[in-house]
S.K.: 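Structure below; questions to follow.
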2 protein chains.
Amino acid sequence: MQISEVAKEFGLTTDTLRYYEREGLIGPITKGKNGIRNYTEEDIKRIQFVKCMRSAGLEINFLKRYIQLFEGGDKTVKERREILVEQRKILKEKLDAMQEAYNRLNYKIDLYDKNILDKNLM
Amino acid sequence: MQISEVAKEFGLTTDTLRYYEREGLIGPITKGKNGIRNYTEEDIKRIQFVKCMRSAGLEINFLKRYIQLFEGGDKTVKERREILVEQRKILKEKLDAMQEAYNRLNYKIDLYDKNILDKNLM
DNA sequence: ATATCACTTAGAGTTTACTTCAAGTCAATA
DNA sequence: TATTGACTTGAAGTAAACTCTAAGTGATAT
């Protein structure tokens, strides 16, 4: 699978895919004689994971580190678990903050819908 | 209330508070003769709102625009409602993406807890 | 009196995550 | 054969949101 197809499938740009590769988040992707990247099913899976985590706001640096640990083999299991738990905590806090803002937006939109012209900003 | 107290209460830095003010998200905060900011209850409420929305990832530019509209009075109600709905949509999409990543993290941590050493990254 | 501390300003610097640029290769089509 | 289009590279540029610096003021503690 070529870079443009992968980019399209995941809603990323080809530049972003090459950037992720440079940063060690994916690949290195094997290239044909002409130097063109050919993405395997394994590569695609990795991209799917990276995309999911990035969409949730997890940092490139965390992903890099986690992947490095993963490649370090079984002896890194403990540390891997620890950083996943840490990221989960951060994510949970963000989720809660977002839920709160979401509720607040809903409430305010509801007031607009009921034509209640609140003199308060929010 | 002085800037450092406000900063402490909201877990922001004084620099950030002054930055928000420069950007027109809050204030202008009235100052004493010595030039020192004195935050009123109204100011605090505004900061609370800004903090809530920023924590959810809403952009400074959106907040700026919404606040400008608000200060434009009743004739801006329609547009205000529209941009709130737009932001709610964006927020909902982010929430869903984060929930997915959260579930995935949970699943993986669960595997680690059960000592299932998965050969897959995620 | 002098030092300390919190505050003030304008403006420069930093971080994160891309994004764009310039220059070039290669295969296919007009 | 010439041009089009997708790919390649390293490096420079950008946007958003802070964050820090330098220089200064003014009230209070020693």
S.K.: side-chain hydrogen bond (donor to acceptor under 3.5 Å, both in side chains) with Glu21(B): which residues, sequence neighbours excluded?
M.R.: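 Checked Glu21(B) against side-chain hydrogen bond (donor to acceptor under 3.5 Å, both in side chains); matches are Arg37(B).
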S.K.: Spell out protein contact along nucleotides 18-26 of chain D as letters: B when the base is contacted, S when just the sugar-phosphate is, - when no protein heavy atom is under 4.0 Å; keep the 5' to 3' order.
M.R.: BBB------
S.K.: Show which side-chain atoms of residues 53-64 of chain A pair as donor or acceptor with protein atoms under 3.5 Å away, not counting sequence neighbours.
M.R.:
from, atom 1, to, atom 2, distance (Å)
Arg54(A), NH1, Leu58(A), O, 2.6
Ser55(A), OG, Lys51(A), O, 2.8
Lys64(A), NZ, Glu23(A), OE1, 2.6

S.K.: What is the 5' to 3' range of DNA chain C, first to last nucleotide, that sits under 4.0 Å from any heavy atom of chain A?
M.R.: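 Contacts span dA17(C) to dT20(C), reading 5' to 3'.
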S.K.: Which residues, ordered by chain and number, are linked to Ile116(B) in its hydrophobic cluster, where ILVMFWY side chains connect at heavy-atom gaps below 4.5 Å, directly or through other members?
M.R.: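 Result for Ile116(B) is Tyr107(B), Leu111(B).
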S.K.: Mind calculating the distance between CZ (Phe62(B)) and C1' (dA17(D)) to the nearest angstrom?
M.R.: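 Phe62(B) atom CZ is separated from dA17(D) atom C1' by 17 Å.
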S.K.: For dT8(D), does either OP1 or OP2 sit under 4.0 Å from a side-chain N or O belonging to Arg37(A)?
M.R.: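 Yes, because at least one side-chain N or O of Arg37(A) sits under 4.0 Å from OP1 or OP2 of dT8(D).
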S.K.: With sequence neighbours excluded, what pairs up with Arg18(A) under the salt bridge (Lys or Arg N to Asp or Glu O under 4.0 Å) test?
M.R.: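 Applying salt bridge (Lys or Arg N to Asp or Glu O under 4.0 Å) to Arg18(A) gives Asp15(A).
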S.K.: Taking only N and O in the side chain of Gln2(A), is any of them less than 4.0 Å away from OP1 or OP2 of dA6(D)?
M.R.: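 The answer is no; no side-chain N or O of Gln2(A) sits under 4.0 Å from OP1 or OP2.
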S.K.: Give the residues of residues 91-102 of chain B touching DNA chain D, defined as any heavy atom closer than 4.0 Å, sorted by residue number.
M.R.: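 Under 4.0 Å from DNA chain D: no residue of residues 91-102 of chain B.
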S.K.: Which residues pass the side chain to side chain contact (heavy atoms under 4.5 Å, CB included) test with Glu71(B), sequence neighbours left out?
M.R.: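 Here the qualifying residues are Arg46(B), Ile67(B).
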S.K.: For Glu86(B), give me all partners under salt bridge (Lys or Arg N to Asp or Glu O under 4.0 Å), at least two apart in sequence or on another chain.
M.R.: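 By the salt bridge (Lys or Arg N to Asp or Glu O under 4.0 Å) rule, Glu86(B) matches no residue at all.
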S.K.: Name the residue closer to the 5' end of DNA chain C, choosing between Ile3(B) and Asn61(A) according to the nucleotide with the nearest heavy atom.
M.R.: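 In this pair, the answer is Ile3(B).
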S.K.: Only counting residues at least two apart or in another chain, list the ones meeting side chain to side chain contact (heavy atoms under 4.5 Å, CB included) with Arg81(B).
M.R.: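 If we apply the side chain to side chain contact (heavy atoms under 4.5 Å, CB included) test to Arg81(B), skipping adjacent residues, the hits are Ile109(A), Tyr112(A), Asp113(A), Val85(B).
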S.K.: Are Gln87(A) and Tyr66(A) close enough that some pair of their side-chain heavy atoms sits under 4.5 Å apart?
M.R.: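 A side-chain contact under 4.5 Å is absent here.
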S.K.: Please work out if Glu23(A) contacts a base, only the sugar-phosphate, or nothing of the nucleic acid, heavy-atom cut-off 4.0 Å.
M.R.: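 Counting heavy atoms under 4.0 Å across all strands, no contact is made by Glu23(A).
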S.K.: Suppose we screen for salt bridge (Lys or Arg N to Asp or Glu O under 4.0 Å). Which residues come up paired with Glu42(B), at least two apart in sequence or across chains?
M.R.: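 With sequence neighbours excluded, Glu42(B) shows a salt bridge (Lys or Arg N to Asp or Glu O under 4.0 Å) to Lys45(B), given in chain and number order.
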S.K.: Taking all heavy atoms of Ala7(B) and all of Thr13(B), pick out the closest pair and write down the distance.
M.R.: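 Heavy atoms only, the tightest pair is CB-C, 4.0 Å.
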S.K.: List the residues meeting salt bridge (Lys or Arg N to Asp or Glu O under 4.0 Å) with Arg22(A), not counting sequence neighbours, and say none if there are none.
M.R.: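 Once residues adjacent in sequence are excluded, Arg22(A) has no partner under the salt bridge (Lys or Arg N to Asp or Glu O under 4.0 Å) criterion.
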S.K.: Distance check needed: dA11(D) C1' versus Arg18(A) CZ, whole Å only.
M.R.: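 Roughly 14 Å, once rounded to whole Å.
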